[in-house]
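What follows is a short report on a single structure.
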2 protein chains.
Amino acid sequence: MPLQEKDTYQEKDDSSRINPFVRVREDHANELSEDYLELIEDLIDRTGEARTVDIAAKLGVRQATVTKAIARLKREGLVTAAPYRSIFLTNEGKKIASRAREHHRTVLEFLIALGVQQEVAEIDAEGIEHHLSPATLAAMQRFIQQQPAAA
Amino acid sequence: MPLQEKDTYQEKDDSSRINPFVRVREDHANELSEDYLELIEDLIDRTGEARTVDIAAKLGVRQATVTKAIARLKREGLVTAAPYRSIFLTNEGKKIASRAREHHRTVLEFLIALGVQQEVAEIDAEGIEHHLSPATLAAMQRFIQQQPAAA
DNA sequence: CGTCAAAGTTTGCCTAGGCTACAAATCCTC
DNA sequence: GAGGATTTGTAGCCTAGGCAAACTTTGACG
Ligand SMILES: [Mn+2]
Ligand SMILES: [Mn+2]
Ligand SMILES: [Mn+2]
Ligand SMILES: [Mn+2]
């Protein structure tokens with residue numbers, strides 16, 4: 001067998017610890033799904049339907065890119081969509097969308113409570129939201145509570 | 001000319017505003033460079049040299065992946081490296097490394113000041129650090145100052 | 001109802017960033 | 001100064017996620 005016995009993924013005295021870089025790559029693997037699902041839910045709530053063209057405009061990508069991504073989400077059982085028709089979330093998709101929306105809201109409120117200007121907070125939240133452990137999210141919520149909804 | 005006049009990248013009444021999703025994609029395009037450069041500087045400081053095998057172990061990837069990434073950093077003028085020799089930062093590379101390290105330290109201290117456990121903070125910081133506007137970074141620094149270096 | 005603009009899809013291309021398998025160079029160690 | 005383990009590099013493969021261009025479908029409306 002040509003495979004080496006010991007891989008070099010982790011130092012030995014480190015084998016039980018999470019590698020932060022590995023965690024970040026995992027976060028990024030989920031990021032696109034989360035953003036799409038949250039956005040689709042949002043569009044349905046606010047405009048009645050989720051169309052390729054609107055998703056593309058919001059995300060700043062071309063429609064072809066959205067079509068391809070939707071195909072993947074369909075494969076993963078997170079959305080349903082018939083050709084030339086708009087997009088719907090499965091129950092599984094709805095769960096992820098809700099969680100994503102919740103994270104997003106928490107980060108946004110947290111940054112604002114911290115004193116960051118609304119518009120900047122909205123930009124930064126979009127990236128940060130995918131990299132938060134439950135403990136960090138909890139700390140952010142605690143902080144929001146403690147703040148007297150400042151002026 | 002087959003190209004459509006109006007692209008759909010931005011809604012019209014929105015054209016001067018930054019699209020958060022576009023910003024996140026830009027952040028991610030810089031992320032790998034920042035992490036590599038920070039790590040290379042770290043290894044040089046702590047062990048005397050930056051070797052492919054050690055970079056791979058730290059990042060949790062295979063050596064072949066590192067070799068390819070280093071080739072890209074070389075192309076971009078951020079590192080120098082002769083075949084079978086260890087890796088060095090250019091001045092440009094050092095600048096980015098220092099900035100990355102600074103961001104990293106700020107986020108880490110901030111999360112700890114917020115009450116997040118050290119180990120969790122170290123994991124989350126690795127992802128968050130790439131998504132921070134100057135204003136948010138400044139707010140974090142303010143918060144760190146205000147905290148009495150709590151027990 | 002026919003036309004045509006808007007929306008959606010398909011195809012083919014590209015880069016980044018992973019991987020394995022194998023080849024080559026380096027460098028301990030005796 | 002061999003020889004073998006370690007390290008580095010190369011080649012080829014894969015997926016994700018972008019793009020443009022061309023094609024197809026839908027549906028509004030005159
Ligand atoms: Mn996001
Ligand atoms: Mn990220
Ligand atoms: Mn990082
Ligand atoms: Mn870092």
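Keep in mind that the numbers below use all heavy atoms, side chains included, and drop hydrogens, waters and symmetry copies. Residue numbering restarts at 1 for every chain, and letters A, B, ... go by the order of the sequence lines.
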TODO: With sequence neighbours left out, write down each residue that passes side-chain contact (heavy atoms from CB on, under 4.5 Å) with A:Arg85, or none if nothing qualifies.
DONE: A:Ala82

- [ ] Check each residue of residues 80-89 of chain B for a non-hydrogen atom within less than 4.0 Å of any atom in DNA chain D, then write out the ones that pass by number, or none.
- [x] B:Pro83, B:Tyr84

Open item on the list: Taking side chain to side chain donor-acceptor pair (under 3.5 Å) as the cut-off, I'd like each qualifying pair that reaches into residues 120-130 of chain B, sequence neighbours left out, listed once.
Closed with: A:Arg23-B:Asp124, A:Ser133-B:Asp124, A:Thr136-B:Asp124, B:Glu34-B:His130, B:Asp35-B:His130, B:His104-B:Glu129, B:Gln118-B:Glu122

Open item on the list: From the set D:dG12, D:dC19, D:dT7, return the single nucleotide nearest to any side-chain atom of B:Gln63.
Closed with: D:dT7

Task: B:Arg101: side-chain hydrogen bond (donor to acceptor under 3.5 Å, both in side chains) partners, not counting sequence neighbours - done: B:Glu41, B:Asp42

Without placing hydrogens or testing angles, list every side-chain donor-acceptor pair under 3.5 Å for residues 87-94 of chain A, not counting sequence neighbours.
| from | atom 1 | to | atom 2 | distance (Å) |
| --- | --- | --- | --- | --- |
| A:Thr90 | OG1 | A:Gly77 | O | 2.8 |
| A:Thr90 | OG1 | A:Leu78 | O | 3.2 |
| A:Thr90 | OG1 | A:Gly93 | N | 3.0 |

Open item on the list: Using a strict heavy-atom distance below 4.0 Å, which residues from residues 33-47 of chain B are in contact with DNA chain C?
Closed with: none

Open item on the list: By the 4.0 Å heavy-atom rule, please label B:Ala29 as base, sugar-phosphate, or nothing.
Closed with: nothing

Task: Listed partners of A:Phe143 passing ring-ring contact (aromatic ring centres under 6.0 Å, His included), at least two apart - done: A:Phe110, B:Phe143

- [ ] Identify which nucleotide among D:dG18, C:dA16, C:dC19 has an atom closest to any side-chain atom of B:Arg75, counting heavy atoms from C-beta outward.
- [x] C:dA16

Task: Apart from B:Ile112 itself, residues in the same hydrophobic cluster as defined by side-chain heavy atoms under 4.5 Å - done: B:Leu108

Task: A:Thr52 side-chain N/O to C:dA7 phosphate OP1/OP2 under 4.0 Å - done: no

Open item on the list: For a quick test of reading the model: is some side-chain N or O of B:Thr65 closer than 4.0 Å to OP1 or OP2 of C:dG18?
Closed with: no

TODO: Show which residues join A:Tyr84 in its hydrophobic cluster (side-chain heavy-atom contacts under 4.5 Å, direct or indirect), or state none.
DONE: none

